[in-house]
2 protein chains.
Amino acid sequence: MYKVEFEDLATKVYKTLKNMIISGELKPGEKLIQEDLAERLGVSRTPLLSAFAKLAQENLVETISRRGAYVKRFTEQELVDIYDIRIQLEPLGAERAAVYITTEEVAQLEHLLKEYDVATQTKDMHTLKQIDYQFHMSIMRISRNRLLYDMLSTFNVIIISNIKGLLKPPEKSDSEHHQLLDALKGKNSFEARRIMYEHISDSRDNLLKHLIPFDSE
Amino acid sequence: MYKVEFEDLATKVYKTLKNMIISGELKPGEKLIQEDLAERLGVSRTPLLSAFAKLAQENLVETISRRGAYVKRFTEQELVDIYDIRIQLEPLGAERAAVYITTEEVAQLEHLLKEYDVATQTKDMHTLKQIDYQFHMSIMRISRNRLLYDMLSTFNVIIISNIKGLLKPPEKSDSEHHQLLDALKGKNSFEARRIMYEHISDSRDNLLKHLIPFDSE
DNA sequence: CTAATGTTTTTTGTATACAATATCTATTGA
DNA sequence: TCAATAGATATTGTATACAAAAAACATTAG
């Protein structure tokens, strides 16, 4: 049954702004002026306010009453806290994905990794981060746990937005992504979980090591 | 420095509605009519819409464009998925709380458990659930990981709201809560983590056992 | 009697208006 | 010259108005 899906403006604006944060067009700390954005997006302030409310609730935006909304900037400690949570959750997602994954989904992940291979060669950092986000989020979607997906989407957006540069050499990530995909293809839950755990732990450790100088970029 | 904190109406309405969901005044599946609620809360629809947007983003409310907003009802499978996530996260929170906890915080938890003791005797299910929520959320606050707190607040509200009755005898919960508090008082991270894991796992298992008849209440 | 159609009412989505507050700029006083 | 004050401007919070769509109700046709 074909069903017409209507999407209200608030939802469209929310998605647009979230993508602008993911792509780096909106930076942490940047003030979001309602009138400016409303004009730029061609809507009134009303749907924009709802979108802000959603983004604020999702911790991507911070609204200070009567002073305005800002793309939220995270402290290093907060980013580490996020990694602590990711370390608990992404292995769970990978474990589940190994159970549920379909051949179409395998093909999609393979396609993403081909693009990641290329971006690793060309050292295109922006693309590396975007594909990394998509790869991880695809696995969370395959896990069939909607709330897990939602939460990790938030965290991964925060990490992309707040961490300049990469937390490990892309060749290493590339290799780990491939190993992870192999485990998923082989329906090996235990291995998928273990690889994902190592993959995220590594990054957390590197984040800790860079806690003082990483702001210098 | 004393600082005047202004809270906009949208935030007040959000908190009010969230509390109405926690207390059971608003039930899963219940339609939230904007005009009615606006009148009842004494505000215009504008802050109410922002509050809805926040609640929807938090997964407590489901808004269907052009049709309205409903307190979100979760399927049994979704509740199990939530437990899977809780099992990963609450032990992390307990482990951290054992590190950070202060004597004042110990006293607060002790006070909550005294109330839980009483409610266990009187079989006051509503109070048991409310104190359980407060006890768990206090531990997450003590963990000093804000995002962890926020996420678990959502999950625990969903569980209170969607699960009628209790998932284990209150005497058992009471006992486990006390053991947990002892571990926290003793700054024993490992033990706190272990106890919390068992505590939540038990409940998850009982939820699974009740998957078919639990809707009959 | 039931299903289809038409009409009325209710609700939602959004733009706009207005008031309050914060921020910025200009002026004044020490 | 710097700090304080006043005035202008910009922004935010909220109520209200209006249009569109959905829901409810009434009427008609088979």
Side-chain angles (χ1 to χ4, degrees), chain A residues 1-21 25-73, chain B residues 1-21 25-73:
Chain A
M1 271 302 50
Y2 193 73
K3 194 156 135 192
V4 179
E5 287 289 336
F6 175 79
E7 190 168 62
D8 57 84
L9 287 182
T11 303
K12 285 186 202 291
V13 171
Y14 160 76
K15 285 179 177 176
T16 299
L17 293 177
K18 189 173 179 180
N19 281 330
M20 285 163 78
I21 293 171
E25 191 174 338
L26 290 177
K27 308 283 189 195
E30 188 163 345
K31 184 164 187 183
L32 307 175
I33 314 276
Q34 296 177 10
E35 281 285 359
D36 291 353
L37 272 176
E39 184 174 342
R40 186 165 153 194
L41 299 178
V43 297
S44 79
R45 290 201 290 122
T46 313
L48 191 75
L49 289 177
S50 288
F52 277 10
K54 283 174 172 293
L55 289 164
Q57 186 63 29
E58 196 181 356
N59 279 308
L60 296 180
V61 160
E62 176 174 33
T63 59
I64 305 173
S65 285
R66 285 190 184 143
R67 285 165 172 241
Y70 300 80
V71 178
K72 194 163 177 181
R73 172 180 277 143
Chain B
M1 269 298 58
Y2 193 72
K3 192 155 141 200
V4 178
E5 285 289 336
F6 174 79
E7 189 169 62
D8 57 84
L9 286 181
T11 303
K12 285 186 203 286
V13 171
Y14 160 77
K15 286 179 176 175
T16 299
L17 292 177
K18 190 174 179 179
N19 282 328
M20 285 162 79
I21 293 170
E25 191 175 337
L26 289 177
K27 307 284 189 193
E30 188 164 343
K31 184 165 188 183
L32 307 175
I33 314 276
Q34 297 176 10
E35 281 284 358
D36 291 353
L37 272 176
E39 185 174 341
R40 184 164 155 197
L41 299 177
V43 297
S44 78
R45 291 201 292 121
T46 314
L48 191 75
L49 289 178
S50 289
F52 277 9
K54 284 175 172 294
L55 289 164
Q57 186 62 28
E58 196 182 354
N59 279 309
L60 297 180
V61 160
E62 175 174 35
T63 58
I64 305 173
S65 285
R66 287 188 184 147
R67 285 161 172 246
Y70 300 79
V71 179
K72 194 164 176 182
R73 171 179 279 142

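Values below: every heavy atom of this structure, side chains too, minus hydrogens, waters and symmetry copies. Every chain is numbered from 1, with letters handed out A, B, ... down the list of sequences. All values derive from a computational prediction rather than experimental measurement.
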- Task: Apply side-chain contact (heavy atoms from CB on, under 4.5 Å) to B:Leu55 and B:Leu32, showing your working.
- Result: CA-CA 12 Å; B:Leu55 289 164; B:Leu32 307 175; 5.6 Å; no
- Query: Only one of A:Glu58, A:Glu30, A:Glu62 clears side-chain contact (heavy atoms from CB on, under 4.5 Å) with A:Lys72; which?
  - Reply: A:Glu62
- Message: Which residues in residues 54-61 of chain B have a heavy atom closer than 4.0 Å to any atom of DNA chain C?
- Response: none
- Message: Assuming nearest nucleotide by heavy-atom distance, tell me which of B:Arg67 and A:Arg67 is located more 5' along DNA chain C.
- Response: B:Arg67
- 5' precedence on DNA chain C between B:Leu32 and A:Arg66 (nearest-nucleotide basis): B:Leu32
- Note on the structure: 5'-most to 3'-most nt of DNA chain D touching chain B (<4.0 Å, heavy-atom partner on protein side) reads D:dT14 to D:dA23
[X] to [Y] - nearest heavy-atom pair and separation:
X       : Y       : value
B:Lys54 : A:Gln57 : O-CG, 3.3 Å
B:Gly29 : B:Tyr70 : O-CD2, 3.6 Å
A:Leu9  : A:Pro47 : CB-CB, 3.7 Å
A:Ala51 : A:Ala10 : CB-O, 3.6 Å
B:Arg73 : B:Pro28 : NH2-O, 3.3 Å

- In residues 34-51 of chain A, what residues come within less than 4.0 Å of DNA chain D, judged by heavy atoms? A:Gln34, A:Arg45, A:Leu49
- Check whether any side-chain heavy atom of B:Val61 lies under 4.5 Å from a side-chain heavy atom of B:Leu17, and answer yes or no. no
- Query: Between atom CD of A:Glu39 and atom CG of A:Leu48, what is the distance when rounded to the nearest 0.5 Å?
  - Reply: 12.0 Å
- Message: Nearest 0.5 Å, please: how far is CD in A:Glu25 from CD1 in A:Ile21?
- Response: 10.5 Å
- Base, sugar-phosphate, or nothing: which does A:Lys12 touch, judged by heavy atoms less than 4.0 Å apart? nothing
